[in-house]
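Okay, so here's the structure we're looking at.
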Amino acid sequence: MTVRVRFAPSPTGYLHIGGARTALYNYLYSKAVGGTFVLRIEDTDLERSNSEYEKLQIDDLKWMGIVHDEGPDKPNPKYAPYRQSERTEIYKKYALDLVEKGLAFYDFCTDEELEASKEKAAAEGRDPIYEGKWKNPEFNQEALQRIKAGEKAAIRFRAPKKSYTLNDKVKGEVVYPANMVGDFVIVRSNGLPVYNFCCVVDDHLMDITHVIRGEDHLNNTVRQLMIYEALGAKLPEFAHVSLLIGHDRQKLSKRHGATSVNLYRNEHYLPEAMCNYLCLLGWSHPTEKDIFDKNDLNEVFNLERFSASAAMYDVEKLKWVNSEHVKKMSNADLITLVEKEPETDFFKKQTPEWKLACVELLKKYAQFIPDFPKLVNELILNEHPHLTDALKEILSWETTPKILSFLSDEINKVQTTFVTEAELNAWTEFVKKDLAVKGKPLFQGVRGCLTGHDHGPDLKFLIPLTPVSVLKNRMIDLSK
RNA sequence: GCACCCAUCGUCUAGCCCGGUCCAGGACACUGCCUUUUCACGGCGGCGACAGGGGUUCGAAUCCCCUUGGGUGUACCA
């Protein structure tokens with residue numbers, strides 16, 4: 001039997017980091033076993049759902065390279081539609097069927113009655129389970145009459161009074177004691193079905209074989225187990241992945257800062273880095289590899305390597321992963337990406353050799369793609385050195401003016417656009433031998449005069465990339 | 001409250017299922033040194049953990065129990 005997994009977001013907001021992670025796990029698993037990845041939209045909460053968010057979430061998923069095989073935009077006639085709001089008739093049919101079989105019943109209790117019962121239960125220190133009169137079969141006839149007369153009622157599922165056991169791929173054997181939940185609503189009085197019910201009906205109808213989702217659904221699963229049983233449906237495998245938490249160990253939410261994927265997208269994180277980092281939050285590579293491309297996971301991704309405990313989301317490590325992916329990228333790809341950035345006119349005008357040398361040098365220092373143009377401006381094109389304390393100190397050494405005037409003279413003699421590494425070496429040699437400068441005053445002196453910085457990348461790579469005209473202007477500035 | 005889940009360095013984790021090879025390995029962060037004296041790169045080090053208590057065993061991070069701590073659920077939300 002072929003594996004079918006699904007990611008089922010509610011379009012009530014942007015794609016969340018945690019959602020992206022579960023989507024990724026589902027995607028990776030489907031790829032690893034040659035299965036099908038289904039995208040289903042859980043929009044039964046009409047008040048909070050918004051089709052705009054559906055679009056945005058799919059967009060973010062796409063950005064991460066998480067593409068679904070089936071979904072609202074790629075329907076398989078056998079399973080469509082993929083939006084729960086378009087499946088209400090299906091749920092209604094199943095719900096009515098359960099009522100007919102006596103596995104569910106109409107409930108006419110008012111909010112007030114329910115509230116009172118809840119409060120009473122709380123006062124007595126027990127769980128608020130449904131105890132309205134309508135659960136009693138002797139009211140079935142009356143209920144049916146009132147429904148026929150057009151009255152509205154919720155449909156409640158008759159929860160069996162027995163314990164259930166789930167064999168979860170990450171949590172192991174989970175036992176739900178009897179009476180854990182009371183008779184719960186599966187269809188609201190407004191006719192709209194409820195998550196726990198839709199979810200099971202859909203997973204069943206869509207032939208979902210593996211349910212990989214967040215641990216926050218673990219307690220709910222007992223309700224779903226009951227419905228599977230009532231439906232006579234085959235149980236899928238479950239894998240309840242641990243939750244993502246913030247620095248205060250609370251479930252990751254907006255107040256922890258940037259928690260939606262689009263924010264990272266806007267900050268130019270690489271999608272591959274995002275996937276890489278998220279994947280490692282709760283799953284480990286069999287060889288403890290920590291930098292990889294998700295497309296290289298096909299052979300090794302499985303459901304056996306999930307961590308059972310919650311993982312803290314740490315942007316610092318994400319940044320590191322991102323810079324590792326920048327370094328891993330080919331120079332050709334880097335050049336392409338850099339040229340897409342704004343304010344890269346100078347870069348674009350240079351020779352292919354120059355570009356190659358430039359990205360080769362800068363990728364060591366860049367964490368993000370936009371860092372490249374920034375570094376070009378700061379390190380290569382900046383004509384007016386910023387007088388930092390460190391630079392002032394270098395200029396105050398008695399040997400520095402000698403170096404500065406010598407280098408200025410030499411630079412003025414240069415006819416080419418760039419100097420060569422050999423020329424640079426010759427100058428340094430001269431300063432060392434003829435001007436008799438050595439040690440820190442030599443190296444930092446030369447660096448200071450040429451770059452206007454007290455530190456930075458290796459001069460023999462940096463200077464040949466810097467236009468002679470810029471070098472000249474820097475030294476004019478420094479001579480003042 | 002009740003139910004369920006979880007518990008290895010500050011953080012992500014390996015090891016746990018199938019006890020000894022673990023006075024616990026890797027990565028981020030922090031930090032020291034080195035790289036023909038710069039350096040944001042790189043190399044080599046350092047710091048740093050089996051929550052506590054009982055058991056089982058010749059032997060426990062690994063198995064069992066309790067305690068503690070944390071999380072989740074307890075909706076006519078998903």
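Note that the structure is a prediction, hence the values are computed from the model and not measured. Here is the naming used below: chain letters follow the sequence lines, and residue numbers restart at 1 for every chain.
A donor-acceptor contact under 3.5 Å is formed by the side chain of A/Lys317 with the base of B/A27. Contact annotation: side chain of A/Asp216 to base of B/U72, donor-acceptor pair absent below 3.5 Å. Side chain A/Ser242 to base B/C6: no donor-acceptor pair is found below 3.5 Å.
Base engagement by A/Cys109 is indicated by at least one non-hydrogen atom pair under 4.0 Å involving a base atom. In this structure, A/Leu278 reaches neither bases nor backbone, as no heavy-atom distance under 4.0 Å exists between it and the strands shown. Across all strands shown, A/Val187 has no heavy atoms under 4.0 Å from either base or sugar-phosphate atoms. Looking at heavy-atom distances under 4.0 Å, A/Asp43 makes no contact with the nucleic acid at all. Backbone-only contact: A/Gln444 has heavy atoms under 4.0 Å from sugar-phosphate atoms and none from a base. Backbone-only contact: A/Thr44 has heavy atoms under 4.0 Å from sugar-phosphate atoms and none from a base. When heavy atoms are screened at a 4.0 angstrom cut-off, A/Arg213 is found touching no nucleic acid atom at all. Residue contacts for A/Leu114: at a heavy-atom cut-off of 4.0 Å it reaches a base atom on one of the strands shown.
Nearest to the side-chain atoms of A/Pro457 among the listed nucleotides B/A29, B/A40, B/A14 stands B/A40. Taking every side-chain heavy atom of A/Ser309 into account, B/C6 is the closest of B/C6, B/G71, B/C4. When each of B/A27, B/U13, B/C39 is scored by its nearest atom to the side-chain atoms of A/Asp290, the top-ranked nucleotide is B/A27. Here the side chain of A/Arg48 is nearest to one of B/C77, B/C76, B/A40, namely B/C77.
The nucleotide B/A14 finds no pairing partner, because no Watson-Crick or G-U wobble arrangement with both distances shorter than 3.5 Å includes it. Across every strand in view, B/C63 sits in a pair with B/G55 that passes the Watson-Crick or G-U test at under 3.5 angstrom. Searching all strands for a Watson-Crick or G-U wobble partner of B/U36 with both distances below 3.5 Å returns nothing. Pair assignment for B/A3 gives B/U72, based on Watson-Crick or G-U wobble hydrogen-bonding distances that are each under 3.5 Å.
Nucleotides B/C58 and B/U74, compared at atom P, are 48 Å apart to the nearest Å. Taking the P atoms as reference points, B/A29 lies 9 Å from B/C41, given to the whole Å. Distance noted for atom C1' between B/G55 and B/C76: 49 Å (whole Å).
Regarding contacts with the backbone of B/U11, a side-chain N or O of A/Arg249 is found under 4.0 angstrom from either OP1 or OP2. OP1 or OP2 of B/A78 lies within a sub-4.0 Å distance of a side-chain N or O belonging to A/Arg188. Put simply, A/Gln250 has a side-chain N or O that comes within less than 4.0 Å of OP1 or OP2 on B/G71.
Between A/Ile394 atom CD1 and B/U37 atom P there is a gap of 15 Å when expressed in whole angstrom units. What separates CG of A/Asp458 from P of B/U38 is a distance of 11 Å, to the nearest Å.
The aromatic rings of A/Tyr269 and A/Tyr264 lie perpendicular to each other, with more than 60° between the two planes, well past the 30° mark. Between A/His285 and A/Trp283, the angle of the ring planes goes over 60°, which puts this pair in the perpendicular group of the 30/60° scheme.
For A/Lys433, the NZ atom is loosely surrounded, since the number of other residues' heavy atoms within 6.0 Å does not exceed 12.
Ring stacking is absent between A/His247 and B/G10, as the pair misses the limits of under 5.5 Å between centres and under 30 degrees between planes.
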